[in-house]
K.L.:
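Take this structure, written in structure tokens, and hold onto it; I'll ask about it next.
Proteins get letters first, then strands, A, B, ... in listed order; numbering begins at 1 in each.
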Amino acid sequence: MSDFYQSVYAIVRQIPIGRVTSYGAIAKYLGTAGSSRMVGWAMNLSHHQEMYVPAHRVVNRNGLLTGKIHFGSPDEMQELLENEGITIENDCITNFKDLFWDPIKELK
DNA sequence: ACGTTGACCTATA
DNA sequence: GTATAGGCCAACG
């Protein structure tokens, strides 16, 4: 495994409960801005990682749950987020702007 | 080995 | 404001 994926997983695990972030923010934090798709790939491989990765806390820039289909059940991701106190409406995070957790600002 | 795809983002029309 | 285009790079067929 390259350090890139490990770094991505490390960041995702450090996301506080009830907060979310975006692929672009993570990519930018890792210095691979513009290649945010790789972050998505990292998430794709996250499910066969030993350590659990809360990929449900990572959404796209619009706060839309685009990756929900990659979970076992499309509704699983929304349930997990709502379980953490996040409000979802039509697969979108309503208070996304408030719940947004920027690793550059918070983790830097 | 090559072409296509993808859990994205930014920019232009 | 929505629509389309381009760029990015790794994995899959």
K.L.:
Write down the distance separating the C1' atoms in B:dA7 and C:dA3, rounded off to the nearest Å.
P.N.:
22 Å

K.L.:
Give a yes or no answer on whether the side chain of A:Ser36 reaches the backbone of A:Tyr23 with a donor-acceptor pair at less than 3.5 Å.
P.N.:
no

K.L.:
In whole angstroms, how far is the P atom of B:dC9 from the CG atom of A:Leu30?
P.N.:
14 Å

K.L.:
What are the two closest non-hydrogen atoms of A:Ile69 and A:Thr66, and how far apart are they?
P.N.:
CG1-O, 4.0 Å

K.L.:
Which residues in residues 54-67 of chain A have at least one heavy atom lying under 4.0 Å from any atom of DNA chain B?
P.N.:
A:Ala55, A:Asn60, A:Arg61, A:Thr66, A:Gly67

K.L.:
Are A:Ile11 and A:Thr21 close enough, and set up right, to give a side chain to side chain contact (heavy atoms under 4.5 Å, CB included), and what steps lead you there?
P.N.:
CA-CA 10 Å; A:Ile11 293 175; A:Thr21 188; 5.7 Å; no

K.L.:
Please report the interatomic distance CZ(A:Phe100) to NZ(A:Lys105), rounded to the nearest 0.5 Å.
P.N.:
8.5 Å

K.L.:
Nearest 0.5 Å, what's the OG-CH2 distance between A:Ser35 and A:Trp41?
P.N.:
14.5 Å

K.L.:
Could you give the distance from CZ (A:Arg57) to CD1 (A:Ile17), rounded to the nearest 0.5 Å?
P.N.:
3.5 Å

K.L.:
Should A:Tyr29 and A:Leu99 be counted in the same cluster of Ile, Leu, Val, Met, Phe, Trp and Tyr side chains packed under 4.5 Å apart?
P.N.:
no

K.L.:
Between B:dC8 atom C1' and A:Lys68 atom NZ, what is the distance in whole Å?
P.N.:
18 Å

K.L.:
Need to verify one output field. Residue with the more 5' nearest nucleotide on DNA chain B, A:Ser22 or A:Trp41?
P.N.:
A:Trp41

K.L.:
Heavy atoms only: give me the nearest A:Val39-A:Val8 pair and the separation to one decimal.
P.N.:
CG1-CG1, 4.2 Å

K.L.:
Mind checking which nucleotides bracket the chain A contacts on DNA chain C, 5' to 3', with an atom under 4.0 Å from a heavy atom?
P.N.:
C:dG7 to C:dA11

K.L.:
Output the rounded distance in Å from CZ (A:Arg37) to P (B:dC8).
P.N.:
8 Å

K.L.:
Where along residues 70-97 of chain A does a heavy atom fall under 4.0 Å from DNA chain B?
P.N.:
A:His70, A:Phe71

K.L.:
Are A:Trp101 and A:Val53 linked, directly or through intermediate hydrophobic residues, by side-chain heavy-atom contacts shorter than 4.5 Å (ILVMFWY only)?
P.N.:
yes

K.L.:
To the nearest Å, give me how far apart OH (A:Tyr9) and C1' (B:dA7) are.
P.N.:
12 Å

K.L.:
Please report the shortest heavy-atom distance between A:Val12 and A:Ala55, naming the atom on each side.
P.N.:
CG1-N, 4.3 Å

K.L.:
With a non-hydrogen cut-off below 4.0 angstrom, is A:Ser36 in contact with a base, only sugar-phosphate, or nothing?
P.N.:
base

K.L.:
Output the rounded distance in Å from OH (A:Tyr5) to P (B:dA7).
P.N.:
14 Å

K.L.:
Rounded to the nearest 0.5 Å, what separation is found between the CD atom of A:Glu76 and the NE2 atom of A:His70?
P.N.:
13.5 Å

